[in-house]
Each structure stands twice: as C-alpha cells, then as structure tokens.
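I have placed the structure first, in the form of structure tokens, so that the comments after it can refer back to it.
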Amino acid sequence: MGRPISAMSHMDGLEMLDPISTSSMTTLTPMSETPSHMHSYGMNHVMNHHHHGGPLSGHSAPGHHPGHHGGHPGAHHPAMAAAAAAAAVAGLHPDADTDPRELEAFAERFKQRRIKLGVTQADVGKALANLKLPGVGALSQSTICRFESLTLSHNNMIALKPILQAWLEEAEAQAKNKRRDPDAPSVLPAGEKKRKRTSIAAPEKRSLEAYFAVQPRPSGEKIAAIAEKLDLKKNVVRVWFCNQRQKQKRMKFAAQH
DNA sequence: ATGCATGAGTT
DNA sequence: ACTCATGCATA
C-alpha cells in the first residue's frame with residue numbers, strides 16, 4: 001500500500017520506523033509525528049535530587065547550588081549581562097562559579113594535582129567521605145572521572161566543584177606534612193547480587209542512533225515498536241533513549257563555551 | 001573511560 | 001514516563 005502524499009499529516013509512527021533502511025529516502029520523514037501530548041521541557045529548572053549513596057543534593061550542596069538549569073545558553077549579551085548583575089544584587093550569585101571556562105580550568109588543575117599526589121580517582125571518591133563535609137559522602141571512581149573530563153551536566157559540575165576543591169586542599173596540606181594515619185578499616189564486602197549490563201550490538205546501536213536523530217523522544221508505543229524491530233527489551237530501548245538524551249546535554253558539547 | 005541501570009523527585 | 005545525579009560492570 002502506498003501512502004498518499006496528501007495523507008502525510010498523520011503518519012503512523014511505524015511508517016517511519018526505518019531511518020536507515022536500504023532505500024535512500026523514501027519512507028524517511030524526519031518530521032514530526034505529533035503524539036497526543038506534546039509537552040516539551042527540553043530544559044526545565046534543575047532541582048537536584050539524590051538517592052542511595054548520593055552525597056549531593058542540589059539544595060543542600062555545601063556551597064549552594066545554582067537555581068539554574070543544566071545547560072543554559074551562555075550570558076554574553078548586554079541584556080543578559082545586566083540580568084546577571086541584577087541577579088547578583090538580588091542575592092543570587094554572579095556567575096563566576098558557574099562559568100564553564102572556570103569549571104573547565106578547575107577540572108584540569110584538579111586532575112593534574114591529583115595525579116601529582118599519586119592518588120587515583122577511586123581514592124578521591126572514597127576520601128571524600130573522610131572529609132566529613134556535611135551531607136557529603138563518598139563518590140565513585142566514575143563520577144570523579146566524569147568530573148575531570150567534564151562529562152557531567154553543568155549543574156552537577158558546579159555542585160561537585162567545591163567538594164573536590166576542599167579535598168584537594170586538604171590532600172595537599174597533608175602531603176606537605178607527610179601525614180599518615182594508622183587506620184585500617186578493611187571492611188571488605190560480602191557477596192551480593194551482581195548487576196548485569198546488557199550489551200547492545202553495533203548494528204542495533206546504529207539503528208537506535210538513527211531513530212534518535214529523527215525523534216529523540218519517541219512515545220512509549222514507538223519505543224515498543226523499535227524494541228521489537230531490533231529484538232531488544234522495551235526497557236532497554238527506553239533507557240537507551242534516556243541515557244542518550246543525558247549524554248547530549250553534557251558540558252563538552254553543551255553550547256556554552 | 002564509558003555503557004547501561006537505578007532511584008528520587010518532577011512534570 | 002521523564003530528568004538528573006550517580007554507580008556497577010565492563011571494554
């Protein structure tokens with residue numbers, strides 16, 4: 001069956017469910033599909049949250065958090081500069097702490113000095129708990145790594161910076177005094193359930209990327225259709241899209257600097 | 001270093 | 001059902 005051009009106002013999601021098929025450009029329609037509800041919070045206000053081992057919580061992060069969104073456009077316009085000044089006067093921070101370049105510079109210094117101290121990312125993560133900063137516990141190696149490589153959201157970077165800065169200062173102070181504490185916790189764990197990580201094969205991944213390019217937020221039904229077509233669990237596909245969106249918002253590429 | 005996953009809090 | 005911060009598992 002063909003699809004009359006005049007009827008393309010409401011294509012079934014499945015009609016365009018083949019962004020990378022053999023045909024060059026027949027069924028490919030990178031246009032909207034208009035779900036029943038189209039709310040777009042592409043960039044909502046960032047209220048930080050925390051959970052299990054998370055030491056950070058946006059509104060309780062030591063050193064304040066920005067009441068901003070994760071990845072807002074830079075303020076390099078006269079009007080925006082004025083707004084920034086107004087904000088500063090209003091009690092909100094100017095934005096020296098939120099300046100992407102400052103964060104980038106700090107991240108680099110941090111990594112450099114951390115290595116100089118001969119400390120691994122994992123070590124830093126654990127050491128944070130010993131720092132006893134209110135509301136700050138340990139962090140994983142992953143997080144430290146992501147901080148150093150700026151692969152975190154803008155807000156996350158801002159929240160973590162003061163904490164890591166505190167650790168760095170303490171660490172360098174102790175290094176100077178050649179301190180050593182006779183502590184030996186060694187509370188080694190007991191075998192727990194291992195979490196499994198499903199691996200999406202390259203071909204499937206390429207398809208997902210193609211779908212993402214045309215529709216970053218597919219509806220539940222489309223996700224189901226994609227999942228079936230690629231023979232993946234619906235949840236795996238849903239999570240993949242979520243992670244892909246997060247990835248797209250990371251500092252590295254966020255149009256800030 | 002990075003992919004896939006969880007969970008709290010929102011929308 | 002989503003975003004965001006974060007982490008386990010793995011390349």
Side-chain angles (χ1 to χ4, degrees), chain A residues 13 35-63 65-72 103 107-108 111 114-115 120-126 128-129 135-164 189-206 208-209 212 215-224 226-227 230 232-254:
Chain A
S36 355
H37 46 282
M38 189 195 136
H39 47 224
S40 51
Y41 24 19
M43 190 206 297
N44 44 14
H45 352 75
V46 163
M47 317 278 294
N48 295 300
H49 333 292
H50 75 198
H51 54 65
H52 44 123
L56 294 181
S57 53
H59 54 264
S60 5
H65 69 297
H68 297 159
H69 22 304
H72 63 194
L103 289 169
E108 196 173 326
K111 179 175 185 175
R114 187 205 93 214
I115 292 174
T120 67
Q121 297 170 330
D123 288 337
V124 175
K126 288 195 173 189
L128 291 179
V136 180
L139 284 179
S140 66
Q141 167 267 324
S142 320
T143 301
I144 305 303
C145 172
R146 285 169 173 146
F147 179 85
E148 293 182 346
S149 59
L150 305 173
T151 42
L152 288 175
S153 70
H154 183 213
N155 273 351
N156 205 173
M157 288 293 290
I158 291 171
L160 258 33
K161 184 191 171 193
I163 294 169
L164 295 181
E192 290 289 314
K193 297 178 183 179
K194 294 284 184 177
R195 185 205 277 177
K196 204 41 184 176
R197 212 185 90 182
T198 48
S199 180
I200 301 174
E204 286 70 36
K205 213 170 292 191
R206 274 185 260 111
L208 288 172
E209 278 157 12
F212 187 83
Q215 177 57 249
R217 325 170 67 90
S219 68
E221 296 212 327
K222 264 184 187 167
I223 289 178
I226 292 173
L230 301 182
L232 291 171
K233 308 270 293 212
K234 181 182 175 184
N235 226 47
V236 168
V237 174
R238 185 181 58 71
V239 170
W240 185 87
F241 273 90
C242 286
N243 284 323
Q244 203 60 27
R245 276 176 236 129
Q246 262 196 304
K247 201 174 179 179
Q248 209 175 36
K249 291 184 177 177
R250 286 173 184 170
M251 280 215 86
K252 282 282 191 179
F253 321 103

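Chain letters run A, B, ... following the sequence lines, proteins first and then strands; every chain starts at 1. Heavy-atom basis, side chains included; hydrogens, waters and symmetry copies ignored.
Summary of the strand contacts: K196(A) and T143(A) both lie near DNA chain C, and taking for each the nucleotide with the nearest heavy atom, the more 5' one is attributed to T143(A). Comparing Q141(A) and F241(A), the nucleotide of DNA chain C nearest to each residue sits closer to the 5' end for F241(A).
Separating the CG atom of N235(A) from the P atom of dA1(C) is a distance of 10 Å, rounded to the nearest angstrom. Going from atom CD of Q215(A) over to atom P of dA1(C) covers 16 Å, rounded to whole Å. Atom CZ of R238(A) and atom P of dT3(C) are 10 Å apart (whole Å). Between the NZ atom of K233(A) and the P atom of dA5(B) there is a distance of 10 Å, rounded to whole Å. The distance between atom CE of M251(A) and atom C1' of dA5(C), rounded to the nearest whole Å, is 16 Å. Between E204(A) atom CD and dG3(B) atom P the separation is 16 Å, expressed in whole Å. Atom P of nucleotide dG7(C) and atom CG of N243(A) are separated by 15 Å, given to the nearest angstrom. Rounded to whole Å, atom P of dA5(C) lies 17 Å from atom NZ of K161(A).
Between K194(A) and dC8(C) there is no side-chain polar atom (N or O) within less than 4.0 angstrom of OP1 or OP2. A sub-4.0 Å separation between OP1 or OP2 of dG3(B) and a side-chain N or O of K247(A) is present. In this structure, S153(A) reaches the dA5(C) phosphate: one of its side-chain N or O atoms is under 4.0 Å from OP1 or OP2. In this structure, N156(A) reaches the dT6(C) phosphate: one of its side-chain N or O atoms is under 4.0 Å from OP1 or OP2. Contact annotation: Q121(A) reaches the phosphate of dA1(B) (side-chain N/O to OP1 or OP2, under 4.0 Å). A close approach under 4.0 Å does occur between a side-chain nitrogen or oxygen of R217(A) and OP1 or OP2 of dT3(C). The side chain of S142(A) contributes no N or O atom lying less than 4.0 Å from OP1 or OP2 of dG7(C). Look at T198(A) and you'll find a side-chain N or O under 4.0 angstrom from OP1 or OP2 of dA5(B).
Every residue meeting the salt bridge (charged side-chain N to carboxylate O under 4.0 Å, His left out) condition with R114(A), not counting sequence neighbours, appears here in chain and number order: E148(A). Applying the side-chain hydrogen bond (donor to acceptor under 3.5 Å, both in side chains) test to E204(A) and every residue at least two apart in sequence or in another chain returns nothing.
For a distance-only test at 3.5 Å, the side chain of R197(A) fails to qualify as a donor-acceptor partner of the base of dG7(C).
Among the heavy atoms of the strands lying under 4.0 Å from K205(A) are primed sugar atoms or P, OP1, OP2 only; no base atom is included. E148(A) comes within 4.0 angstrom of nothing in the nucleic acid, heavy atoms only. Looking at heavy-atom distances under 4.0 Å, R245(A) makes contact with sugar-phosphate atoms alone, never a base.
Listed nucleotides dA5(C), dC4(B), dT6(C) differ in distance to N155(A); the shortest reach to its side chain belongs to dA5(C). Checked against dG7(C), dA5(C), dT3(C), the side chain of R195(A) finds its nearest nucleotide in dG7(C). Residue K249(A) has its side chain nearest to dT3(C) when only dT3(C), dT2(B), dA1(B) are considered. Taking the side chain of V239(A) as heavy atoms from C-beta on, and the options dA9(C), dT3(C), dA5(B), the nearest nucleotide is dA5(B).
With N156(A) contributing its side chain and S153(A) its backbone, the two residues share no donor-acceptor pair below 3.5 Å.
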Exercise for the section: Please test Q121(A) against V124(A) for side-chain contact (heavy atoms from CB on, under 4.5 Å), starting from the C-alpha separation and ending with a verdict. Expected result: CA-CA 5 Å; Q121(A) 297 170 330; V124(A) 175; 5.8 Å; no

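The CE atom of M157(A) sits 8.0 Å away from atom OG1 of T151(A), with the distance rounded to the nearest 0.5 Å.
Listed here is the closest heavy atom pair of K205(A) and W240(A): CG-NE1, 4.3 Å.
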